[in-house]
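Letters go in sequence order (proteins before strands), and every chain restarts at 1.
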Amino acid sequence: MPNLSVSIASLRLKNPVLTASGTFGYGTEFAPFVDLEALGGFIVKGTTLHAREGNDYPRMAETPSGMLNCVGLQNKGVDHFCTHIYPTLRDLDTNVIVNVSGSSPEDYAECARRIAALERIPAIELNISCPNVRQGGMAFGVTAAGAAEVVRAVRWAYPKTLIVKLSPNVTDIAEIARAVEAEGADSVSLINTLLGMAIDIERRRPVLSITTGGLSGPAVRPVALRMVWQVARAVKIPVIGLGGICTAEDAISFIMAGATAVQVGTANFLDPRASQRIAQGIGEWMESHGVESVEEIRGVVS
Amino acid sequence: MDKIACDLLCTARTMLTPHHALLTLRADEPLPKVSPGQFANVRVAGSPATFLRRPVSIHDYDGAATVQLLVHAVGDGTRRLCELQVGERLDCVLPLGRGFTLPDTPLRALLVGGGVGVAPLYLLGVELVRRGCDVTFLLGGKTEADILRREAFEAVGRVCLTTEDGSAGTRGFVTHSPAMGERYDFIYTCGPKPMMQAVGRAARQSGTPCEVSLENMMACGLGACLCCVEKTTTGNRCVCTDGPVFNTQELIL
Ligand SMILES: Cc1cc2nc3c(=O)[nH]c(=O)nc-3n(C[C@H](O)[C@H](O)[C@H](O)COP(=O)(O)OP(=O)(O)OC[C@H]3O[C@@H](n4cnc5c(N)ncnc54)[C@H](O)[C@@H]3O)c2cc1C
Ligand SMILES: Cc1cc2nc3c(=O)[nH]c(=O)nc-3n(C[C@H](O)[C@H](O)[C@H](O)COP(=O)(O)O)c2cc1C
Ligand code: FES
């Protein structure tokens, strides 16, 4: 059997497959379909310091080979996570990572601090695509300075593995990646959703309640792959690749572009077994191609 | 409540109208217990326009490995479902959601369905009768041709009809039926939203408990993505896991 394990800073993953925040609930929703311990880990829903109701329905629009969403970070807040959700996850033999969102650097830092106290959560993933309320709602992650500001605040508050999730809605994603690396991020993951829109021409109105939403699914995969390749060449920290991954072959292409690990997102909706199947499929592909470790193929496309 | 993902074998397909199919699907293993009002999330193969699964109510369940789905072709996904051939397999995740509240004691129940909204009411009626309830189905449509599976419903309980053109039963909407004016212990309804709103209001006026089955757009069907939420008196709730059945008291109708 080939060796599928990979490391991201002090994180050890059994295999390079994680699931993407917002597409896998708190993991338990998928337990009937997936052996959660057969994954490298999973990233739970976007969590904020205070509870959020999210946006109005409709929050979703189906698009060719993808979907738009504007869920708007509905969650019950970090303390609810710590007291009610964490106990259901703490005994799992896999990496449970919390995705952290906020509307100010202080919120991010406080949320991260509370999660740092949870012994069995080895890492957080910062979603810097959130609007910055003090900067007129522009996302932190669309400027190097904004991204750096959030990472700086959280790095002080959070001693464990810090993954920063990059927004693709930028001119030069490598520049943002370098900025967060300089602030001490342990890893970057990309891509978050691409900003998009759909119109219902009969009603002459946007389909989504807040007009625009994030595009995900195979439709974004070539863009995501290109960005992972660019970022992997620009930084030294490990890169986690995602965006439209549906099969083991898709995942391997991200690894060849330089990703240390991958995340499976929207594909979980198409097939709730997708994440485990992809992990297994990577092993089978490596075996049939005589590849003994993930490092052997990582970044071979330079 | 177990949920499974499996490829069900199509063993029969009946076209009830040119746009409505009754599909009989059999699993290789016994299915987890289905309760009335639960649904399957179905993957439609070979339709580029159909990226996500399609939620479809479980119309009938034999207590073992066979379910029936009643599908109305409204778009590419449901059109292809209606064209499923005997011998083909259908990738389904089921049974999903929280179904209708079932009474522990026999009571008098009204089940109001419009269009393909009658789908979940069949299994519900069967189960209510099994529990000794007195069941009245009130089925509505634009014309007589829109009333689906009338004989099947008649075999279970009393059936009252309304049609907008008066071609069968009372002319008008379901709320115009004399059956609506009788006393019931419980009202269940599924169909177009305006119909469910009208039935919900009538139930509220007569002080009758009432449950509706909602059809919000879904992505995961598992309570994970939070795309399907309905605003309720207790905040946003997932139609796929907290519903699709809700008590009208909880909804902002
Ligand atoms: C819990 C639940 C149970 C359902 N049970 C049944 C059933 O038993 N039989 C059945 O035929 N249908 C049922 N539906 C509705 C069915 O899921 C939709 O009709 C289907 O998703 C449309 O897919 P399409 O690709 O054919 O149409 P699309 O091309 O996606 O859409 C065609 C038209 O249908 C409308 N539409 C799309 N999705 C929905 C939806 N979820 N609800 C209402 N309208 C929609 C669109 O607005 C559009 O106008 C149910 C829906 C839910 C949520
Ligand atoms: C319904 C939905 C909700 C999401 N919620 C979050 C979130 O809370 N935080 C986050 O960082 N990303 C969120 N994402 C983005 C995904 O994690 C992922 O970056 C994106 O969907 C691209 O990957 P995919 O094409 O494999 O889905 C969400 C995506 C979807 C579809
Ligand atoms: S459809 Fe995903 S939470 Fe309901």
Pair B/K231 + A/D56, salt bridge at N-O below 4.0 Å
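Looking at B/K231 and A/D56, the cut-off is met.
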If the threshold is 4.0 Å, N to carboxylate O, is there a salt bridge linking B/K3 and A/E29?
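Salt bridge flag = no for A/E29 with B/K3.
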Measure the spacing between [atom1] of [X] and [atom2] of [Y] and express it to the nearest 0.5 Å.
| X | Y | atom1 | atom2 | result |
| --- | --- | --- | --- | --- |
| A/L270 | B/F51 | CG | CZ | 4.5 Å |
| B/C238 | A/Q74 | SG | CD | 6.5 Å |
| A/T23 | B/L226 | OG1 | CG | 11.5 Å |

Residue, of [options], that accumulates the most heavy atom pairs under 4.5 Å with chain A:
| options | result |
| --- | --- |
| B/T50, B/T241, B/I4 | B/I4 |
| B/A49, B/A224, B/P48 | B/A224 |
| B/C227, B/G223, B/C220 | B/C227 |

Does B/R13 have more than 12 heavy atoms from other residues, nucleotides or ligands lying within 6.0 Å of its CZ?
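Above 12, so yes.
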Please indicate whether A/R205 has more than 12 foreign heavy atoms, meaning atoms of other residues, nucleotides or ligands, lying under 6.0 Å from its CZ.
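Atom CZ in A/R205 is not crowded, with 12 or fewer foreign heavy atoms closer than 6.0 Å.
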Hey, mind stepping through A/F269 and B/M218 against side-chain contact (heavy atoms from CB on, under 4.5 Å) and telling me if it holds?
CA-CA 10 Å; A/F269 305 159; B/M218 296 182 179; over 6 Å; no
At a heavy-atom separation under 4.5 Å, does B/N216 approach chain A through its side chain, its backbone, both, or neither?
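When you check distances to chain A, atoms from both the backbone and side chain of B/N216 fall under 4.5 Å.
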Quick check on B/V229 against chain A: is it the side chain, the backbone, both or neither that has a heavy atom closer than 4.5 Å?
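It is both, since atoms from each part get that close.
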Heavy-atom distances under 4.5 Å only: say whether A/Y26 touches chain B with side chain, backbone, both or neither.
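Neither part, no heavy atoms under 4.5 Å.
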With a 4.5 angstrom heavy-atom cut-off, which part of A/T266 approaches chain B: side chain, backbone, both or neither?
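A/T266 touches chain B through side-chain heavy atoms alone.
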Of all of A/G72, A/S65, A/P218, which one pairs up most often with chain B through heavy atoms under 4.5 Å apart?
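Counting heavy-atom pairs under 4.5 Å, the top option is A/S65.
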Residue among A/P272, A/P64, A/G27 with most heavy-atom pairs under 4.5 Å to chain B
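The option with the most such pairs is A/P272.
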